[in-house]
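Just so it is clear, the structure is predicted and the values come from calculations on it, not from any experiment. Any value given below was found using the heavy atoms of this structure, including those in side chains, with hydrogens, waters and symmetry copies removed. Protein chains get the first letters and strands the later ones, always in sequence-line order, with residue 1 at the start of each.
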There are 2 protein chains.
Amino acid sequence: MFSKVLVAEDYEIANQGIIKVLNDKIGIHNIEEAKYCDDAYLKFRKAHNDQEVFELLITDLSFREDHKPQTRTSGIDLIKDIRSIQPDIKVIVYSQEDRPDKINMLFENLNINGYVCKGQHAIQELVACVQGVYQGDTVWPPEITNNSAANTMIHLDDLDIILLEELSQGFTKKEIRIKLKKQNISPNSESAIDKRVSKLFDDFKAKNTTHLVAIVKDLGIL
Amino acid sequence: MFSKVLVAEDYEIANQGIIKVLNDKIGIHNIEEAKYCDDAYLKFRKAHNDQEVFELLITDLSFREDHKPQTRTSGIDLIKDIRSIQPDIKVIVYSQEDRPDKINMLFENLNINGYVCKGQHAIQELVACVQGVYQGDTVWPPEITNNSAANTMIHLDDLDIILLEELSQGFTKKEIRIKLKKQNISPNSESAIDKRVSKLFDDFKAKNTTHLVAIVKDLGIL
DNA sequence: GATGTCAATACAGATTTCTGTAATGGAGCC
DNA sequence: GGCTCCATTACAGAAATCTGTATTGACATC
């Protein structure tokens, strides 16, 4: 089993809970905790320099801002920075996030080894995840593998995101057209924008622009 | 100090963390935990019937739905039901929620005794909160008392919320007017609705309906 | 009773949205 | 070349939005 683990989680109580589980259920005792991404990174660097490397990083994604200004503000930054120094470190993300597209992204772009969703069965899932990752597996959360939503996802390209962003900021199609022209983004006629947005209406089953923006906000796409 | 405490929190790991803190930092050992509101209520009823009442309830607000159907779906329901039987039980809410208006509501409408925001300093805050509540104080989270946002808040009445909700679901003003008439909600002319929404535009500095919905979604009002 | 205030309502016009149809032009294939 | 397919663009009309002004009635104050 892993002998040295780093836990990055800003919620103190969740932090304590993770440590308790690793202790009681898996028998890992050499655990360091960090409440800030930068702290986690420093502890990692120190261990790396001392040739006593961490074998596993368990990290949250979102870290609240407070008085201490941080260079890294999210677990994603932390993972990238740590992996750039020690590419073979195992990484488990432990987060509230339950949107399939976001979790997919973590596995595909960051090559994380496991994901545990903060929830009612987090203890069992965390234990299974740590054990699976130790054996070399990639451990997806049950919410995702059971859920067909990941497969039937709607593909949005850059323009779609731009349009959604502009619409949510209250710009009219005419204003958006002018903006796109200025930025030399290719489809920039009002009717082309209309067409795109109409397609988004179909995709998300929205009745109008307002409804569309509400839906994508709820889905967390914006 | 409190001798018997009930903890209702669906996130197992947070649950463990709370227990650990109450144990280590305050010396409370008689703690029962529940992952569902209904479970918490049953444990409370049993203790009440056995004349071994809980003196303190620490509860989350939101409980995720899963396969087990629940009659109570939020900590608010739980608090109401428990208080209706044992009005003098002390209640501390421990939640992610950090919006001043929501937290205000808990103190004003539910008369909770303390609030702790899940966060970086939750351990210290929880300890201080439990001790303060034990002494008979009402313990507000530092985020609120320090924050002037609570005072400069925009007041939204029921109609405003209904309108925002309907608009976000893509209904036109005409449809909303008809709905309001059906439900016998008083201001239901299209122009009255227009006026209300225009006021919301001013309040939230929104350019149009789409923008407005995006803003209130971001603020978490919807 | 007279006055002022405020919300609800009615109405109007300019602008924007939404939904069609049709024309254009490039990319790929036979 | 000739062809289809597809995205972009143009245009047009019905519907909805947004912004004003004006009227009414309820309510409180003097």
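Residue B:Lys173 has a polar side-chain atom (N or O) positioned under 4.0 Å from OP1 or OP2 of D:dC18. Distances shorter than 4.0 Å separate none of the side-chain N or O atoms of A:Lys207 from OP1 or OP2 on C:dC18.
Among the nucleotides D:dT19, D:dT9, C:dT9, the one closest to the side chain of A:Ser189 is D:dT9. Set against D:dT17, C:dA8, C:dT17, the side chain of B:Thr209 has D:dT17 as its closest nucleotide.
A straight line from NE2 of A:His211 to P of D:dT17 spans 14 Å, rounded to a whole angstrom. To the nearest angstrom, C1' of D:dT19 lies 17 Å from NZ of B:Lys199. One interatomic measurement links the two molecules: CG of B:Leu200 to C1' of D:dC18, which rounds to 14 Å at whole-angstrom precision. As a whole-Å value, the separation of B:Glu190 CD from C:dA12 P is 14 Å. In this structure, B:Leu212 places its CG atom 17 Å from C1' of C:dT16, rounding to the nearest Å. Between A:Phe201 atom CZ and D:dA16 atom P the separation is 14 Å, expressed in whole Å. The CG atom of A:Asp194 sits 10 Å away from the C1' atom of C:dT16 (whole-angstrom rounding). Spacing between atom NZ of B:Lys174 and atom C1' of D:dT17 amounts to 12 Å, rounded to whole angstrom units.
Taking a cutoff of 4.0 Å between a charged side-chain nitrogen and a carboxylate oxygen, B:Arg72 and B:Asp38 qualify as a salt bridge.
A:Asp160 contributes a side-chain N or O that, together with a main-chain N or O of A:Asp157, makes up a donor-acceptor pair within less than 3.5 Å.
Nearest-nucleotide mapping onto DNA chain C: of B:Ile193 and B:Asn208, the residue sitting toward the 5' end is B:Ile193.
Shown here is B:Lys174, whose NZ atom has no more than 12 heavy atoms of other residues, nucleotides or ligands within 6.0 Å. Within a 6.0 Å sphere centred on NZ of B:Lys199, heavy atoms belonging to other residues, nucleotides or ligands number 12 at most.
Residue-to-nucleotide contacts include no donor-acceptor pair under 3.5 Å from the side chain of B:Thr172 to the base of D:dA16. A donor-acceptor contact under 3.5 Å links the side chain of B:Lys195 to the base of D:dT21. At a cut-off of 3.5 angstrom, counting only N and O atoms as typed in the model, there is a donor on one side and an acceptor on the other between the side-chain of B:Ser191 and the base of C:dA10.
Using a 30° and 60° split on the angle between ring planes, A:Phe107 and A:Trp140 fall in the parallel class, below 30°.
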